Amino acid sequence: MFIAANWKMNLDKVSISKFCDDLYNYKFSSKVEACIFPSIPYMDYLNNLIKKLPISVGGQNCHYKSYGAFTGEVSPKFLRDTGCEYVIIGHSERRTINNESDNEIKLRAQSAIDSNLKAILCVGENNSHREKGYALKFVEQQLLKCLPNDFKNLLVAYEPVWSIGTGKIPNVSEINEMHDHIKKVVLKSTNKKVKVLYGGSVNVENIDSILNVINVDGVLVGGASLKVKDFLAIYSAAVKHLNNSM
Ligand code: PEP
């Protein structure tokens, strides 16, 4: 079970320090893995603050080249060098605001994996695909265009675009159907099994029902991960879920 906290372009040094103070009063479980994705300038700072805790740090994006004249970009090698274990690739905000294409995302995912990062590849339909009944087909095609050619460490995050930051989530059978479909598509095309995270308006109220979905292997949390109380409540729900299912 995996909890990914995508802080996006939020939480400065003072807020990170307060957030981490509260983490030290909490008893983490070895059963649930957590990773925080801070803004790049605070990667080292956060990593130092949490080095005694079982939480890793990750990048919100990386480039498809390791070095070069790419102003403002982040090398996967540099992420690894600053202690990152994971990197998010193809988040819908990168796809829409930064115009990242499926092909570019595939290259970024491959380059992350080649640098020994674990890539979290985000896919998800928009509102109109879902309303017209194309959600499964759209995600399948998007996934096949973005999947790296060769991978060991890849997770997929199903993040319906219409759900990110809106408070709306698919119903549990829609989540289960999509996660099952993603797993089958990846298995058929690569012969590999992947874990699939759900992302989109996960919060303290809906976490239990999301974790109860059979094909959910964890969650990618945006807004709710900015408050330490909510982040820990979501983490605790994952621990409780695992204990109940044993
Ligand atoms: C995200 O941006 O990956 C995300 C899931 O955001 P939120 O939880 O705020 O919808």
Side-chain angles (χ1 to χ4, degrees), residues 1-11 15 19 32-40 42 46 55-62 74 79 84-100 105 108-109 112 117-127 129-130 135 139 142-143 146 154-172 174-175 178-179 182 194-211 213 215-238:
M1 184 63 67
F2 186 69
I3 310 291
N6 178 15
W7 283 355
K8 311 191 187 191
M9 202 171 72
N10 295 297
L11 298 195
S15 326
F19 191 101
V32 175
E33 197 183 342
C35 181
I36 299 179
F37 299 79
S39 240
I40 288 287
Y42 302 122
L46 174 67
I55 304 178
S56 58
V57 290
Q60 296 176 11
N61 176 42
C62 73
V74 187
L79 286 181
C84 285
E85 200 172 323
Y86 288 90
V87 61
I88 297 171
I89 301 285
H91 189 280
S92 75
E93 284 149 19
R94 299 285 315 173
R95 291 175 184 270
T96 50
I97 304 167
N98 301 78
N99 292 319
E100 285 181 12
I105 287 161
R108 286 177 189 249
L117 289 162
K118 295 172 186 159
I120 302 178
L121 174 62
C122 300
V123 291
E125 81 284 1
N126 67 27
N127 207 16
H129 302 129
R130 168 80 41 202
V139 169
Q142 191 182 45
L143 187 58
C146 299
L154 182 87
L155 290 94
V156 176
Y158 167 52
E159 298 213 300
V161 179
W162 54 272
S163 171
I164 296 178
T166 61
K168 295 184 205 150
I169 63 165
N171 65 44
V172 288
E174 288 167 335
I175 297 177
M178 184 63 84
H179 282 220
I182 289 171
V194 279
K195 294 211 154 84
V196 183
L197 313 178
Y198 171 76
S201 294
V202 173
N203 60 33
V204 178
E205 281 78 44
N206 60 28
I207 184 68
D208 289 329
S209 59
I210 292 170
L211 292 178
V213 176
N215 279 302
V216 167
D217 301 305
V219 284
L220 176 48
V221 191
S225 73
L226 298 173
K227 292 192 203 118
V228 67
K229 196 162 154 265
D230 290 6
F231 169 73
L232 290 175
I234 289 169
Y235 184 95
S236 300

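The analysis underlying the following values was restricted to heavy atoms, covering all of them including side chains, and did not include hydrogens, waters or symmetry mates. Computed from a predicted structure; not experimentally measured. Order of listing sets the numbers, starting from 1, for every ligand and every atom in it.
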Worksheet item: Any side-chain heavy-atom pair from Leu46 and Trp7 closer than 4.5 angstrom?
Response: yes
Worksheet item: Does at least one non-hydrogen atom of Ala224 fall below 4.0 angstrom from an atom of ligand 1?
Response: no
Item to complete: Look at atom 1 (C) of ligand 1 and say which protein heavy atom is nearest, naming residue and atom and giving the distance to 0.1 Å.
Response: His91 NE2, 3.2 Å
Worksheet item: So do the side chains of Ile88 and Leu220 get within less than 4.5 Å of each other, counting heavy atoms only?
Response: yes
Worksheet item: Quick one: does Val161's side chain get under 4.5 Å of Asn127's, heavy atoms only?
Response: no
Worksheet item: Can you say whether the rings of His179 and Tyr158 are parallel (under 30°), tilted (30 to 60°) or perpendicular (over 60°)?
Response: perpendicular
Discussion item. Using a 3.5 Å distance criterion without hydrogens, assess whether the side chain of Asp217 forms a donor-acceptor pair with backbone atoms of Val196.
Written reply: yes
Practice prompt. Give yes if a backbone or side-chain nitrogen or oxygen of Lys8 is under 3.5 Å from a nitrogen or oxygen of ligand 1, and no if not.
Written response: yes
Worksheet item: By number and element, which atoms of ligand 1 are closer than 4.0 Å to a non-hydrogen atom of Gly165?
Response: 7 (P), 9 (O), 10 (O)
Worksheet item: Taking Arg95 for the side chain and Cys122 for the main chain, is one N or O donor matched with an acceptor at less than 3.5 Å?
Response: yes
Worksheet item: Does an N or O from Gly222, backbone or side chain, lie closer than 3.5 Å to an N or O of ligand 1?
Response: yes
Worksheet entry | From Lys8 atom NZ to Phe37 atom CZ, the distance as rounded to the nearest 0.5 Å | 13.0 Å
Worksheet item: Is there at least one pair of N or O atoms, one from Gly223 and one from ligand 1, spaced under 3.5 Å apart?
Response: yes
Discussion item. As an exercise, identify every atom of ligand 1 less than 4.0 angstrom from a heavy atom of Ile164.
Written reply: 1 (C), 2 (O), 4 (C), 6 (O), 10 (O)
Worksheet item: Between Gly200 and ligand 1, is there a nitrogen or oxygen pair with a distance under 3.5 Å?
Response: no
Discussion item. Counting non-hydrogen protein atoms only, what is the nearest one to atom 5 (C) of ligand 1? Give residue, atom name and distance.
Written reply: Glu159 OE2, 3.1 Å
